[in-house]
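For reference, the structure is listed below as structure tokens.
First the proteins, then the strands, lettered A, B, ... as listed; each starts at 1.
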Amino acid sequence: MSAILEVSGLTKSFKSGVREITVLDNISFDLEEGKSMSIIGPSGSGKTTLLGLCAGLDRASQGSVSLDNIVLNKLTEDELAQLRNQEVGFIFQNFQLIPTLTALENVMVPLELRGEKNIAAFAKELLSRVGLGDRYDHYPSQLSGGEQQRVAIARAFANRPKILFADEPTGNLDEETSHSIEALLFEINKEQGTTLVIVTHDDALAHKTDRILKLKGGKIVS
Amino acid sequence: MDKRTSIQPTKYSLTWPLKMAWRDSRKSKGKLMLFILSISLGIAAMVGITSFRENLLLEIDDQAKTLLGADVEVKGNQPLPDSLLFAFYELAPEMSREVYFASMVYFPSTDGTRLAQVRALSGKYPYYGEIETVPEEASREFQNGMSALVDEKLMIQYNVELGDSVKVGQQTFKIIGRLQKIPGQTDIGATAAPVVYIPYNKLDQTDLLQKGSRVNYLNYFQFSADVDTTGKWSNLVEFADKKGYSIDDIEERKEDTGRAFRDLTNFLELVAFTALLLGCIGVASSMYVYTKEKIGIVATLRCLGMKSGQAISIFLIQVGIFGFIGSAIGALVGVGLHVYLPILVREFIPVELEPSFSWLAVLSGIAIGVVVSVLFALISLVSLRKVSPLQAIRSDIGNGKVRIDKVQVLVGGIIFLFLLTLVYLQIGDWADAAVFTVGLLLTILILGLIGRGLALLIKRVMPDSIPYVWRQGLSNLYRPHNQTSLLVTTLGLGTAFIGTLLFMQDLLVDRVSITGENDRPNTVLFDIQTPQKEELKQLTLDYDLPVLQEVPIVTMRLEEINGITKREALADTTVNIRDWVYDREYRVTYRDSLIDSEKITEGLWNGNYESGDSIFISISSGFAESLELEIGDEMLFNVQGALVKTYIGSFREIDWRRVQTNFLVLFPEGVLERAPQFHVLITRIKNNELSARYQQAVVRSYPNVSIIDLELILKTLEDILGKIAFVIRFMAFFSIGTGVIMLISSIVLSRFQRMRENVLLRTLGASSTKLWKIIIAEYFFLGGLGALSGLLIATILTTLLGKFVFEFVFIPNIIQMIWVTLAVTSMTVLIGLMNSRDVIRQSPLEVLRKEI
């Protein structure tokens with residue numbers, strides 16, 4: 001099986017006044033298509049930064065990231081946006097639903113951005129799949145945290161992504177809701193054969209993935 | 001496998017941003033409504049005033065003939081000589097004569113006396129339009145007998161009825177008509193100088209025309225239908241002009257009237273522009289906060305694959321659509337305003353205004369509204385293209401700050417050019433437009449800097465010892481997400497505008513009122529003939545009234561300055577002498593000494609002329625300055641036929657505000673004693689009853705003598721100023737209204753900044769009272785700072801206007817300033833409290849959920 005995500009010599013540093021802080025230091029790894037991986041580590045270890053770089057949300061100081069054989073470093077911001085729209089799905093810790101859109105509209109957005117038509121039925125199907133078939137005209141503020149994350153999962157899979165990045169997907173949820181969200185995430189992931197990258201503090205969740213990447217001080221420790 | 005360095009382009013839907021704009025606006029209706037209102041009032045004022053101006057100019061065009069009432073009006077201070085009369089007669093066989101002058105009139109039925117403008121008319125004038133009277137036929141019939149038409153307001157004021165009498169000089173006339181309107185006269189003009197029409201052929205019987213009297217002779221002509229006026233006309237005009245007559249035709253009257261009202265409409269348009277600009281600042285500030293709130297959404301959408309340009313287009317579409325709605329509402333209100341404006345200013349305009357709908361004004365208003373909305377919104381919106389998708393997972397990225405970049409500077413430049421062009425289109429002069437635009441932008445900048453400076457100052461000097469709620473309220477002024485600069489600018493600009501209007505109005509009224517003070521002269525008798533001088537003095541003393549001043553007055557015209565005649569001055573472009581200098585009648589006095597309202601500023605004053613010597617006169621320094629005259633310059637005067645060569649011996653600074661006779665030109669004793677002259681006597685009458693008795697006595701015995709009752713003039717002026725002030729206040733409402741909306745919009749939009757903090761404080765156990773106090777403290781300081789900054793600008797503006805335009809010193813009225821500060825501060829606190837009530841009344845979670 002070929003690697004969908006290839007990270008090579010990835011370094012990210014920031015300037016803080018006159019000091020340069022290296023958040024990620026020479027990170028390299030591959031992830032095969034259809035597999036799942038967790039990135040774990042203590043706070044400040046560079047997990048979210050690594051996720052941002054892998055997903056084309058940020059640019060590396062050194063090294064390269066290639067996603068589905070596309071070298072991200074050489075793409076413009078708008079090309080990166082297109083790539084995300086075509087190949088990537090996201091799930092965020094704080095859900096990041098658009099507050100001014102209904103649940104259905106939130107799910108439709110990635111498809112609408114591609115210019116696809118007649119997508120409402122498909123989006124409703126996805127919402128039903130995540131157990132919110134009767135809530136699609138509700139606004140995020142009318143949904144509970146767990147429900148919002150379900151909408152976010154439906155949205156993340158709407159564009160049939162090749163790879164899904166989840167940043168602490170259960171970080172804002174109680175234990176019971178977390179379990180159901182995790183189950184849902186893995187189920188749909190399996191159904192669609194999507195590659196999954198999860199940033200988490202939760203060891204139990206991490207152990208459900210095929211591989212664990214442990215970071216400490218910006219370096220891979222295991 | 002080979003790596004790819006590009007991706008298949010996505011086919012983005014062009015309608016998607018439109019769809020998103022609509023979806024997003026559903027939850028932002030309230031905020032966008034404020035945006036609408038910010039722009040509406042400015043556009044309303046603009047459309048209303050532009051339509052009004054177009055309407056006014058069209059009506060002046062249409063009613064040009066009725067402004068003059070004839071094809072040609074020839075005016076002079078002597079009757080038209082036969083040679084000229086015949087020349088005109090050839091072109092225009094139909095002619096009317098009129099003589100008008102100021103004189104006292106007396107109403108025997110009510111024992112009232114009043115200075116009026118007496119007009120003696122013969123002929124069919126007006127040929128266009130009409131003298132409107134009640135009954136209608138009175139305007140034609142009064143010339144047939146011993147009849148008069150009397151200004152309607154004058155009749156009401158003196159309780160006079162039709163059929164009563166009016167005594168003009170020695171002759172009594174029966175009042176057969178109430179005079180309502182005469183061609184070209186405004187209602188305000190009628191109030192200032194009420195007219196009494198009498199037949200021309202009865203003028204001699206009044207015995208009022210005596211040598212030296214200040215009388216105007218008019219001839220009105222109507223061209224015959226087939227006359228060719230092209231060739232002969234210019235020769236005739238030149239000849240009459242040379243003889244000292246002024247000639248007015250329809251075109252000239254039209255231009256004069258249009259010019260007179262251009263100033264009014266320019267002023268009103270600048271007021272409208274200021275309202276629009278305040279609205280623009282409202283748009284800019286709303287969009288600044290709105291943009292900051294949308295950063296999270298944009299970051300998420302960027303994660304999902306939205307291009308940066310699409311982010312801007314979503315919100316730009318919202319701004320365009322809401323800007324359009326706001327402008328359309330504004331244009332609609334503007335149409336209503338343009339119907340009301342003619343009613344508001346009808347007393348000031350000489351034409352009847354029938355409001356007509358102007359599509360051009362409405363469409364250009366809407367277009368301007370949309371363009372300014374988009375431009376002012378773009379300042380903030382362009383920063384959205386820099387929003388990183390990373391902000392969706394890391395809220396600390398960018399820290400919510402909107403940084404200024406090159407594109408924003410470019411947008412700023414375009415805005416400046418747009419505003420400059422807009423002002424130019426209204427006032428028609430690039431230099432003036434640049435001064436106004438730069439001045440306004442500079443004011444905004446200064447206010448912004450004051451806001452920032454004061455916030456920094458508070459940060460530095462605030463002692464830790466002050467109570468917690470005050471400390472919290474004050475520190476909100478400088479902490480991150482503070483609105484200090486923005487609110488001080490918006491509040492300050494509104495206050496500056498209102499303050500300047502108030503100060504100016506007060507100053508003008510105050511300037512007039514000073515004449516009415518207790519110990520100052522308040523009654524002036526003029527047109528006293530030399531033989532009547534002593535008798536009148538005695539009569540005055542008999543009534544126990546003081547004779548404060550007795551002055552001889554000689555009328556003359558200026559023939560040459562340093563040998564340059566009017567014709568030469570007009571022909572030579574290097575000579576800077578305007579034609580009015582030659583055209584005006586100079587009323588001159590002579591005496592051997594200066595009076596206490598005069599001070600020599602340059603040269604020497606010798607009050608006694610010695611025969612054989614050159615005649616050295618003294619000129620007002622202001623007059624000398626405007627004509628660029630110097631000591632030693634020669635002035636040749638025509639003293640009713642006799643040429644008198646003089647030299648400027650000195651310049652005098654004159655305090656024109658003193659109630660006494662002041663003169664541009666002062667002759668020494670020994671030159672003009674034998675010239676035809678009249679005299680002025682000034683006295684002070686302490687009560688109305690005595691004043692009435694004295695005036696009646698004077699008018700009965702000396703009907704040619706006119707009395708100026710300064711109390712009456714003061715009342716009339718106050719009345720006129722009150723009406724002008726109402727027009728100004730009405731228009732200022734648009735700026736003030738926009739200022740209030742801007743204030744509400746700034747506070748409403750800024751509440752999100754304070755919301756989380758207040759909720760947190762509540763969660764930590766802060767009582768409602770404490771939260772109220774913190775909010776009151778913050779808005780109290782914001783309102784106070786805004787008001788004081790605005791008053792500072794208003795004081796500077798009024799001082800400059802006073803110094804350079806009205807020539808007086810402005811002393812700020814502290815009481816008034818305190819009132820303005822209290823009003824603005826209370827309003828700010830009130831709006832701030834109303835806006836925060838949800839935060840305090842509801843549970844923290846409820847509030848946060850609502851605001852998501």
T100(A) and side chain to side chain contact (heavy atoms under 4.5 Å, CB included): which partner among R23(B), K294(B), R26(B)? K294(B)
Side chain from CB out, backbone as N, CA, C, O: work out which of these in Y139(A) comes under 4.5 Å of a heavy atom of chain B, or both, or neither. side chain
Smallest separation among heavy atoms of C303(B) and F90(A), with atom names: O-CE1, 3.3 Å
Pairwise distance OG1(T49(A)) to CG(L390(B)) - rounded to 0.5 angstrom: 7.5 Å
How far apart are the C-alpha atoms of M20(B) and E105(A), what are their side-chain angles, what is the distance that settles it, and do they pass the side chain to side chain contact (heavy atoms under 4.5 Å, CB included) test? CA-CA 9 Å; M20(B) 278 300 286; E105(A) 287 164 352; over 6 Å; no
Got a sec, which residues hit salt bridge (Lys or Arg N to Asp or Glu O under 4.0 Å) with K386(B), two or more places apart in sequence or on another chain? D405(B)
Taking all heavy atoms of R84(A) and all of P389(B), pick out the closest pair and write down the distance. NH2-CG, 3.6 Å
Residue N118(A) excluded, over 12 heavy atoms near CG under 6.0 Å: no
Interatomic distance, CG@D24(B) vs CG@L101(A), rounded to 0.5 Å, equals 7.0 Å
Carboxylate-amine/guanidinium contact D78(A) R385(B), below 4.0 Å: no
Any non-hydrogen side-chain atom of Q391(B) less than 4.5 Å from a side-chain atom of L57(A)? no
List for me each residue that meets ring pair (Phe, Tyr, Trp, His ring centres under 6.0 Å) alongside Y136(A), sequence neighbours excluded, and say none if there are none. none
Which residue, L113(A), N106(A), L111(A), forms the side chain to side chain contact (heavy atoms under 4.5 Å, CB included) with L304(B)? L113(A)
I need the minimum non-hydrogen distance between A392(B) and N94(A), along with the two atoms involved. O-OD1, 4.1 Å
Using a 6.0 Å cut-off, check whether atom CZ of R452(B) has over 12 heavy atoms from anything other than its own residue. no
Between E77(A) and K307(B), is the side chain to side chain contact (heavy atoms under 4.5 Å, CB included) condition met? List the steps. CA-CA 8 Å; E77(A) 281 300 325; K307(B) 281 184 172 181; over 6 Å; no
With a 4.5 angstrom heavy-atom cut-off, is it the side chain or the backbone of L51(A) that approaches chain B, or both, or neither? side chain
